[in-house]
Amino acid sequence: MKTIDELLTDGVAGKRVFVRADLNVPLDGTTITDDGRIRAVLPTVKALADAGARVIVASHLGRPEGAPDPAFSLAPAAARLGELLGAGVAFADDTVGPSAEAVVADLADGQVAVIENLRFNAGETAKNDAERAAFADKLAGLADVYVGDGFGAVHRKHASVFDLPKRLPHYAGYLIATEVGVLRKLTEDVSRPYVVALGGAKVSDKLAVIDQLLGKADRLLIGGGMAYTFLKAQGHEVGISLLQEDQIPAVTEYIERAEENGVELVLPVDVLVSTEFPDLRTKAPTHPTTVAADAIPADQEGLDIGPETRKLYASKLADAATVFWNGPMGVFEHPDYAEGTKAVAQTLLDSPGFTVVGGGDSAAAVRTLGFDENAFGHISTGGGASLEYLEGKTLPGLAALED
Ligand SMILES: Nc1ncnc2c1ncn2[C@@H]1O[C@H](COP(=O)(O)OP(=O)(O)OP(=O)(O)O)[C@@H](O)[C@H]1O
Ligand SMILES: O=C(O)[C@H](O)COP(=O)(O)O
């Protein structure tokens, strides 16, 4: 993989450089609640601008339906990028239309522009190769060079991630280079005990990694929305908790294989439940109750691990030489359900081992709950991406940069 350093050495002044970033930040309306992913791409954007490039930053945000949707505009991210750079950042309110063309044409050497959400265009995420290619051709028309730095999206075979780099000279940015360097260590000679904690909400995205980890990790702790499919597979009722019904046979097989392989699989012994999902905007109190994990009432939803599970997980993490943690243990955005995630974060901080936190939401959780991100071994900006990397899968966005 050629890196941005080679591009800078060759000289980039006056060139239009397309930076595929991952600015998929959590928003409360138009307020960014965690800007970690924007800060993560700053070294690349700054280095290019300082070298006189005309920098076009592009990203997806959320999962709009292939058409413009103001709720998913990148405008707040562009404004924040400008603040962090301490320089004006132009914003195009389309991706490949007249606004983008005009904004790019107006860029002077060393200036930065952000174009609107890539996913406002159906071609970005199209399964059909020709449809994606047609959109990638339009994106290629905006730039001379491609820099891939959206680590959080490299597992997506999307036009800006996979097809566009094939059309332009391409380089990996600093964020991708750093992320790959750290995660590679976890796939090679990992120090043991190697403990993996998985939680979060994107259950179907994450179950596949368990398959691979059963041959790699010494211990697997399951929390967050992921836990309920496991509890159900063990024959327990989970009320109205997040459940991936179609994955129960696979999870049952994982439970059996963990035993055969001597991998310690640890599930919650108690959980915090409520009759409804909390309001994350008002943060109104919900008065959760704690129940045993095998006794979740039919009308209740599990929203965090309980106090006994917090203690159990802390004890299972304490002696780890390497920890990979992906996915909050509960709905940490609401104070009633943040304790499980806090407990895991605190245990990792106290642990002498090498700790990697993966995932946009997990990283945001660590920061918004007040932890010092620099105290962890590495905080990855990619959730699904870091997991698929650990699975050993070929990631389209990395493969395209390697070509
Ligand atoms: N028990 C639960 N029920 C429902 N949602 C949950 C539960 N536990 C955690 N969550 C939610 O999971 C979300 C984070 O999950 P996600 O899988 O997206 O994490 P991530 O891998 O860190 O992020 P990303 O994939 O965006 O990089 C949070 O918004 C949190 O509220
Ligand atoms: O949040 C993420 O994990 C990345 O930005 C990718 O987003 P996606 O899961 O919507 O493709």
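Counting starts at 1 for both ligands and their atoms, following the listed order. Given the structure is predicted, the values throughout are model-derived calculations rather than measurements.
- The 12-atom threshold is exceeded at CD of Glu253, counting heavy atoms of other residues, nucleotides or ligands nearer than 6.0 Å.
- Residue Gly383 approaches ligand 1 through these ligand atoms, each under 4.0 Å from one of its heavy atoms: 21 (O), 25 (O), 27 (O).
- Under the 4.0 Å criterion applied to side-chain N and carboxylate O atoms, Glu124 and Arg119 are not assigned as salt-bridge partners.
- If you check which protein heavy atom lies closest to atom 11 (O) of ligand 2, you get Arg156 NE, 2.6 Å.
- Summarising the local packing, NZ of Lys2 is surrounded by 12 or fewer heavy atoms from other residues, nucleotides or ligands at distances under 6.0 Å.
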Side-chain donor-acceptor pairs of residues 223-232 under 3.5 Å, sequence neighbours excluded:
{"residue": "Tyr228", "atom": "OH", "partner": "Gly302", "partner atom": "O", "Å": "3.4"}
{"residue": "Thr229", "atom": "OG1", "partner": "Gln244", "partner atom": "N", "Å": "3.0"}
{"residue": "Lys232", "atom": "NZ", "partner": "Glu237", "partner atom": "OE1", "Å": "3.2"}

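- Ionic pairing of Arg132 and Asp129 is present here: one or more N-O contacts between side-chain nitrogen and carboxylate oxygen are shorter than 4.0 angstrom.
- Nearest protein heavy-atom neighbour of atom 3 (O) of ligand 2: Lys202 NZ, 3.5 Å.
- Distance from atom 18 (O) of ligand 1 to its nearest protein heavy atom, with residue and atom name: Asp361 OD2, 3.0 Å.
- Exactly one of Leu214, Leu213, Val263, Leu265 qualifies for a side chain to side chain contact (heavy atoms under 4.5 Å, CB included) with Tyr254. That residue is Leu214.
- If you check which protein heavy atom lies closest to atom 27 (O) of ligand 1, you get Gly360 N, 2.6 Å.
- At a heavy-atom distance under 4.0 Å, no atom of His158 approaches ligand 2.
- Under a 4.0 Å N-O distance rule, the pair Arg257/Asp211 qualifies as a salt bridge.
- Between the side chains of Ser99 and Asp93, a donor-acceptor pair is found at a separation under 3.5 Å.
- Atoms of ligand 1 lying under 4.0 Å from any heavy atom of Pro328, numbered from 1 in the order shown and given with element: 9 (C), 14 (C), 19 (O).
- Closest protein heavy atom to atom 25 (O) of ligand 1: Lys202 NZ, 3.1 Å.
- For Arg37, every heavy-atom contact with ligand 1 shorter than 4.0 Å involves the side chain, none the backbone.
- With a heavy-atom cut-off of 4.0 Å, Tyr228 touches ligand 1 through its side chain alone.
- Remark: Glu259 CD is loosely packed, at most 12 non-hydrogen atoms of other residues, nucleotides or ligands lying under 6.0 Å away.
- No hydrogens or angles considered: nothing links the side chains of Arg20 and His170 as a donor-acceptor pair under 3.5 Å.
- Of the protein's non-hydrogen atoms, the one nearest atom 10 (N) of ligand 1 is Gly330 O, 3.9 Å.
- Listed by number with element, the atoms of ligand 2 under 4.0 angstrom from any heavy atom of Asn24 are 1 (O), 2 (C), 4 (C), 5 (O), 7 (O).
- Ring geometry, Tyr146 versus Phe18: the interplanar angle falls under 30°, so the pair is classed parallel (tilted spans 30 to 60°).
- Remark: minimum distance from atom 22 (O) of ligand 1 to any protein heavy atom is reached at Ser362 OG, 2.6 Å.
- Residue Leu387 does not touch ligand 1, judged by heavy-atom distances below 4.0 Å.
- When Ala201, Ala153, Gly302 are ranked by how near their heavy atoms come to atom 3 (N) of ligand 1, first place goes to Gly302.
- With hydrogens left out, the protein atom closest to atom 7 (C) of ligand 1 is Gly225 N, 3.5 Å, a heavy atom.
- In this structure, the side chains of Asp144 and Val17 stay at 4.5 Å or more apart for every pair of heavy atoms.
- Near Gly224, meaning under 4.0 Å from one of its heavy atoms, ligand 1 places the atoms 1 (N), 8 (N).
- Ranking protein heavy atoms by distance to atom 2 (C) of ligand 2, first place goes to Arg37 NH2, 3.4 Å.
- Among protein heavy atoms, atom 10 (O) of ligand 2 sits closest to Arg63 NE, 2.8 Å.
- The nearest heavy-atom contact from the protein to atom 4 (C) of ligand 2 is Gly152 O, 3.3 Å.
- Below 4.0 Å from some heavy atom of Asp22 lie the following atoms of ligand 2, by number and element: 4 (C), 5 (O).
- Under 4.0 Å is where a charged nitrogen must lie from a carboxylate oxygen, and between Lys342 and Asp304 no such pair does.
- Here the options are Leu303, Val331, Thr290, the test is side chain to side chain contact (heavy atoms under 4.5 Å, CB included), and the partner is Leu272; only Thr290 passes.
- The protein atom (non-hydrogen) at minimum distance from atom 30 (C) of ligand 1 is Glu333 OE1, 3.6 Å.
- Of the candidates Asp304, Val273, Val331, it is Val331 that places a heavy atom closest to atom 5 (N) of ligand 1.
- Protein heavy atom nearest atom 7 (O) of ligand 2, with residue, atom name and distance: His60 NE2, 3.3 Å.
- The shortest separation from a heavy atom of Gly152 to ligand 1 is not under 4.0 Å, leaving the residue out of contact.
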(Q) Before you tell me yes or no, could you show the steps for Tyr174 and Thr3 under side-chain hydrogen bond (donor to acceptor under 3.5 Å, both in side chains), namely the whole-Å CA-CA distance, both residues' side-chain angles and the distance that decides it to 0.1 Å? (A) CA-CA 8 Å; Tyr174 292 124; Thr3 71; over 6 Å; no
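- We find that Arg39 and Glu373 are joined by a salt bridge, their nearest charged nitrogen and carboxylate oxygen being less than 4.0 Å apart.
- Contacts with ligand 1 closer than 4.0 Å are made by no heavy atom of Glu301, backbone or side chain.
- Looking only at protein heavy atoms, the nearest one to atom 16 (P) of ligand 1 is Lys206 NZ, 3.5 Å.
- Those atoms of ligand 1 that come under 4.0 Å of a heavy atom in Asn326, given as number and element, are 21 (O).
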